[in-house]
Amino acid sequence: MVNGSLDYGKAEAEFMYLLNNEIDKFNAFFMEQEEDFVIRHKELPQRIQKVIDKWGPNGTQPSEMEYKEEMAKIRKEIVNFHGEMVLLMNYSNVNYTGLAKILKKYDKRTGGVLRLPVIQKVLEQPFFTTDLISKLVKECETTIESVFPPLRKKRNGGKMAVPGEGIFKNTVAALLTMQEIRRGSSTYSHFSLPPLNLPDFDVIQSLQVPSPIPIP
Amino acid sequence: MEAKPALSIQRSGAGQISNFGASAALSSSFPVLPTPLQETCPKFSDSQHVALNREFMQRPPAVVSPLSSNSGVVGHIFSSSSGFSTDLHFSSVQLQEKHPRQSPFISQSTSSGKSAVLPNSVDSRVLQSTASSQFNKENNDSWCTDTLPDFLDFPMSTTILNGQLDGSNSGGIAIPSEDLSKPNDWQDWADQLITDNDALATDWNGLLADASVADPEPKASYQISQQSTSVSTQQPHISQQLSVPGTPGEICTNGGQSSSANAAPGKQRMRWTPELHEAFVEAVNKLGGSERATPKGVLKLMKVEGLTIYHVKSHLQKYRTARYKPETTEGATRFNLFAINSMLFMFLDHFSSSFPVQTVKSMMVCSCVTSSASFNVRVKLLSFPLLQVIEFFFFSFVVFSVMESSEKKPASIDELSSLDLKTGIEITEALRLQMEVQKRLHEQLEIQRNLQLRIEEQGRYLQMMFEKQCKSGVDLLKGSSSASENPSKESTDDKVQNSSAKDNLVLDADKKETKGETAKTSGETSLLAAEKQKAVLENSEASVGGTSDLPPTKRAKVDE
């Protein structure tokens, strides 16, 4: 019996060790990115102001073409910046979900009681406390409103320009993945999230660009 | 080569010469190996061994053969250092005692013999709660014998350890070879570790300042900080748990590994808040701008507790990059490359009639090669850029075809400029779409996060209720309260399906009692109560989800 508990303790310690390594990785990456975002978040409005001051209508060197060009660049950048921050939040969420599932599985397989205390600790980890990022995202949204030209009511025919680059693709993939994860499963319990019903599901799915990497 | 490290160790050790002596003896005498191994068992309380181990750990595998037997010992000792770090987390009272001290990291070493990464303090707490002291003591006796079998695997373990180092840190193997050519670093680095230990009982902030001054080399310090992070991270973790996330200058302890290939991450990972960053910017501006400001100066000006020069250095580097090369930030890079490719395709279509096909093709290839070449150096696979290239071809083609499907005109500058204008509008529309999707994802993430938080709260509440019920259940029904969470959960699942959750608690308890499952009953009664709340919770969540989904659809309609 003693040996059995010894082995169990060892296995649990090993499991916790691996888990903590992963948590360390999450935290490191998350904080690295967060730092970057804090810096960029501060810099972007300054850049916008600089462009307006230099090439704007009342600027030192008013030039409509330059102004338009620079504003276009800034718009792309700011939208991508917003996208990156949202994807970081997604990163945090997906990893949390993963950890929760792993712990649940561990408890199921080994009859352990790790889930509750460990997940409480995880909730306090830096990578899950995304309040700052959320705040930055909201502030970014307001900045975007100011940078974009006023909304045009009509769209050209049925054509829809699709931004196909990395961040957009990842965003679409993230939304669809979230829906997939939250589908009802065999292990659905009162600890599971309710199913996600995106109203524009088919639209979003159509935006999903097929992957060039063949998945067998 | 072997003599050098031994010498440097002896030079640097002040009060720990005896242990260094033992270690030096280790390095010089191979046949004596099994006995030093036994000797080192009780000496693990000493961080100098940790220092020695880390030295050996950094040696590249090529040099392993003469040191092979040592590194085997070292490899094992190193793994125990991982336990050593959890040790520090336990109160300083425990540091005085040897037995309990060894025991936690015994379980660590046996479980993590192969990894170079040091554990988090979360781990140590769980260990405290889960691993019984009995288990530890028993293991203690068997530990020394356990080391021998591991020791036999030593050539494997070192390579694995090095491999782990590489796997977990980019460029891990490259650094040790550099270290060989800089023996001076060893001394600094050993000094640094000594100061670490001295400062254990004293002020941690002082320690960090000292350590940062002692080590000038960023790369060496990168490696050191990786491996010695846990030594310094455990203590501040206590304060971290208490600190409010909003305060500027919060030090986070989970800096065991830095996945960045950039400059030294420092002993701990700093959580840069906007307030802290503002203070940083102020200091930089006072010193004359980001180009002229030095990390030391900024550090002095900022006067923030716990901020090291490493933090400032890396932050300054990022700041400079962000200011002067905004297009090198990741997202922008990819988008710019995409834009380049899409523009290229547009030009190709217009000029293909006038230019020979070969030129066109070579232009395409050139642009794609340059775009793939400018990718982040962190990308290791050669095939990865190629896939990205393919991706860009595809995406740019898609956008191009979408934008150009209606008209094709002969090339002329006027046409191009109007095309640019049209492209500009299309791009803006595309950006708006991107924003919508991003906002949607953001909303969903917020909702999901709140749900998760509430679910965990519920879980805690359930647990509490269950424990209370168990206690009262034992008293009243004299049944064993051995029902763990799992059977309770399963019974709850059944309940969910039967949806009889709204019944009177007492009635259900009576019903169940007749079945004779006393322990389960006590669990179920508590779960039923919580379940009601859960059902209410789910209803409210569904409505929240519903209402928040409505605004996006409304917005989408407005756009059109």
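Computed from a prediction, not measured in an experiment: that's the story for all the values here.
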### Task
Answer whether the closest heavy-atom distance between the side chains of B:M435 and A:E141 falls below 4.5 Å.
yes
### Task
Measure distances from A:L44 to the heavy atoms of chain B and classify the residue's part below 4.5 Å as side chain, backbone, both or neither.
neither
### Query
If every non-hydrogen atom of B:L445 is compared with every non-hydrogen atom of A:V86, which pair is closest and at what distance?
CD1-O, 3.5 Å
#### Entry: Test item: A:K76 and B:I427 side chains (from C-beta on) under 4.5 Å apart, heavy atoms
yes
### Query
Among A:Y8, A:Y96, A:F81, A:F37, which has the most heavy-atom pairs under 4.5 Å with chain B?
A:Y96
### Message
Please determine whether salt bridge (Lys or Arg N to Asp or Glu O under 4.0 Å) holds for the pair B:K439 and A:E145, giving the CA-CA distance in whole Å, both sets of side-chain angles, and the decisive distance to 0.1 Å.
### Response
CA-CA 13 Å; B:K439 277 190 199 164; A:E145 292 299 315; 3.6 Å; yes
### Task
Salt-bridge test for B:R269 and A:D24: reply yes if a basic N is under 4.0 Å from a carboxylate O, no otherwise.
no
#### Entry: Inter-residue atom distance B:L276.CG - A:E35.CD, 0.5 Å rounding
9.0 Å
### Task
Under 4.5 Å heavy-atom distance to chain B, tell me which part of A:S92 shows up: side chain, backbone, both or neither.
neither
### Task
For A:F128 and B:R449, work out which heavy atoms get closest and say how close.
O-NH2, 2.8 Å
### Query
Does B:R271 pair with A:E32 as a salt bridge, N-O distance under 4.0 Å?
no
### Task
Please report the closest heavy-atom contact between B:E456 and A:Q120, naming both atoms and the distance.
O-NE2, 3.8 Å
### Closest contact, heavy atoms only, B:G459 versus A:L116
O-CD2, 3.7 Å
### Message
Just so I know, are the side chains of B:W272 and A:I39 near enough to count as touching, which here means a heavy-atom distance under 4.5 Å?
### Response
no
#### Entry: Interatomic spacing from CD in B:Q434 to NE2 in A:H82 - rounded to 0.5 Å
10.0 Å
### Task
Might you point out which heavy atoms bring A:V79 and B:Q438 nearest each other, and give the distance in Å?
O-NE2, 3.1 Å
### Task
Please tell me if the side chains of A:Q46 and B:R323 come closer than 4.5 Å, counting only heavy atoms from C-beta onward.
yes
### Message
Looking at every heavy atom in both B:T273 and A:L132, which two are closest together, and how far apart are they?
### Response
CA-CD2, 4.4 Å
### Message
Does B:Q448 form a side-chain contact (heavy atoms from CB on, under 4.5 Å) with A:T97? I'd like the steps, not just the answer.
### Response
CA-CA 10 Å; B:Q448 189 157 320; A:T97 310; 4.1 Å; yes
### Message
Hydrogens and angles aside, do A:S134 and B:E446 bring a side-chain donor and acceptor to less than 3.5 Å of each other?
### Response
yes
### Sub-4.5 Å side-chain heavy-atom contact between B:L441 and A:M89
no
## Note on the structure
Answer key: most heavy-atom pairs under 4.5 Å with chain B among A:L19, A:L175, A:L123, A:V38 is A:L175
### Message
Quick one, A:N93 and B:Q452 - any side-chain contact, counting heavy atoms below 4.5 Å?
### Response
yes
